[in-house]
Visitor: 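Below is one structure. I have some questions about it.
As a basis for the values below, the full set of heavy atoms in this structure was taken, side chains included, without hydrogen atoms, waters or symmetry mates. Throughout, a chain's letter reflects where its sequence line sits, starting with A, and its residues are numbered from 1.
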2 protein chains.
Amino acid sequence: MVTKTLRQQKALETKQRILRTALALFSAKGFDHVSVDEIVRESATSKGAFYGHFASKYDIFLEKFKEIDQFYSEFQQNLPDELPAEDKIRKLAIAQMMYLREELGRDGTRALYAYALTPSVDNYLSDTERPLYAVLESFISAGQKSGELASTASAKRLTMLLSRSMRGTLYDWAIFDGDFDLAAEIDEWLELLFTGLRV
Amino acid sequence: MVTKTLRQQKALETKQRILRTALALFSAKGFDHVSVDEIVRESATSKGAFYGHFASKYDIFLEKFKEIDQFYSEFQQNLPDELPAEDKIRKLAIAQMMYLREELGRDGTRALYAYALTPSVDNYLSDTERPLYAVLESFISAGQKSGELASTASAKRLTMLLSRSMRGTLYDWAIFDGDFDLAAEIDEWLELLFTGLRV
DNA sequence: CATTTTCATAGACCGCAGTCTATAATCTAT
DNA sequence: ATAGATTATAGACTGCGGTCTATGAAAATG
């Protein structure tokens, strides 16, 4: 449904002006140091306009975060099919971490993870329909079929547990000060997980 | 330094009145549905008194959370020494989950994890000096010495990764609606981690 | 065209966590 | 005992995210 009326046209312009302004401000000053009033002032709009287009200050941010879905499908398409399942999973995990580091940054990730904890919000993180799950599950499922991966748990279940590991790593990245090499952390973690802790 | 003057005595009473009132309200209505104004009103004190005694609304809550440290040391003392390292770790993890479920609840845990994401706050979660780390590390270290556990990573490192798993599980508990059996989740997770994913 | 309806926007307003300032009760020193 | 310093507390105030109401311009209706 392409934009039709003048009204819709103008509304869309307003929305995009807000979006651009907000992202620029977030990028310049960090999510927590930009107020909605500031966004509204800077984009010469109003609170009414802002909340007409976005559900919350975080929502605007989510818009950006969801671009990661695009990233996932591209990733899947560009990956050689014959790679071992383990390698695919590791590459995905590392790529995801690097993507978030570059695109959202620590501040952004922190804000996103905090928002997901807001009561009664259908946060994107816990949406098991998002592409991350689909991609991961396809890798795991293939790995189980080919006998590379243990089948003690279902592919769906393993997908949940693996994605949880990623969330845990990202959460720690957000709360720990000092050096924290996201890619190295997830890599070491997966190595451990694949090998197992026993003996 | 035992309380000396009348002033100190009264101040302490005020503090405890606030604390009791706040915890009762949190327990009754959930952390997010209790305002500082309400605590102050209900305890017949003032904002000045509140923030004189507590750094933030979350701080008061942390006071309660830190009781878990007591729990850890008791746990360690009551555990048979000759138990395999793996069992000790699993029991600890499960006990911790049950403790949090009972004492903080999902709302409380959610609030705690959200607070830890507040920028520039020396959040308790990321304090590697807290007893959880010490207890876990002692189990892991013993397990490595006796040859039960892999020594590919240092005990300190494994402690971090294991505690991260717990944080990840608790985080997911907080963000996912519906059924989520904390104890079962961590148990299944540890089983996987000990065994490894390969073959 | 004239009218009625819709709806994007402006900005006053609310509730909240946290800060600041004033004050009076208590403590200390002489 | 009195004067002066200290400090726990009261409560006005700020800044924030988010809501609500009013309004005028654009769209639909006839």
Visitor: Before accepting this row, confirm whether a basic side-chain N of the pair B:Glu188/A:Arg164 lies closer than 4.0 Å to the acidic partner's carboxylate O.
Guide: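 The answer is no: the pair does not qualify as a salt bridge.
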Visitor: Of the listed nucleotides (C:dT9, D:dT7, D:dT9), which one gets closest to any side-chain atom of B:Ser46?
Guide: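 Per side-chain heavy atoms of B:Ser46, the pick is D:dT9.
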Visitor: Mind calculating the distance between CD (A:Glu13) and P (D:dA25) to the nearest angstrom?
Guide: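 Atom-to-atom, A:Glu13 to D:dA25, this comes out as 18 Å.
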Visitor: Does any part of the side chain of A:Ile89, heavy atoms only, come nearer than 4.5 Å to the side chain of A:Leu149, both counted from C-beta?
Guide: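 Sidechains of A:Ile89 and A:Leu149: in contact.
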Visitor: Out of curiosity, does A:Leu170 fall in the hydrophobic cluster containing A:Met98 (side-chain heavy atoms, cut-off under 4.5 Å, transitive links)?
Guide: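 Yes, same cluster.
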Visitor: Should B:Arg90 and B:Glu86 count as an ion pair when the cut-off is N to O under 4.0 Å?
Guide: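 Result for this pair is yes, salt bridge flagged.
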Visitor: Test the A:Arg130-A:Tyr124 pair against the cation-pi criterion, namely NZ or CZ under 6.0 angstrom from the six-membered ring centroid and within 45° of the ring axis.
Guide: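 Yes, cation above the ring, under 6.0 Å and within 45°.
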Visitor: On DNA chain C, nearest-nucleotide positions of B:Arg7 versus A:Gly48: which is more 5'?
Guide: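 Nearer the 5' end of the strand: A:Gly48.
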Visitor: If the threshold is 4.0 Å, N to carboxylate O, is there a salt bridge linking B:Arg17 and B:Glu42?
Guide: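 No, this pair does not count.
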Visitor: Quick one, which residues of residues 49-57 of chain B touch DNA chain D with a heavy atom under 4.0 Å?
Guide: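 Contacts with DNA chain D under 4.0 Å: B:Ala49, B:His53.
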Visitor: For the pair A:Ser73 (side chain) and A:Asp69 (backbone), establish whether a donor and an acceptor sit closer than 3.5 Å, ignoring hydrogens and angles.
Guide: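 Side chain of A:Ser73 to backbone of A:Asp69, a donor-acceptor pair under 3.5 Å: yes, one is there.
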Visitor: Of all the nucleotides listed (D:dA10, D:dG11, D:dT9), which has the minimum atom distance to the side chain of B:Lys47?
Guide: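 Of the candidates, D:dG11 comes closest.
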Visitor: Give, ordered by number, those residues of residues 32-42 of chain B having at least one heavy-atom distance below 4.0 Å to an atom of DNA chain D; if nothing qualifies, reply none.
Guide: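 Under 4.0 Å from DNA chain D: no residue of residues 32-42 of chain B.
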Visitor: Within the 4.5 Å heavy-atom criterion, are B:Tyr58 and B:Asn123 side-chain neighbours or not?
Guide: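 No, too far: nothing below the 4.5 Å cut-off.
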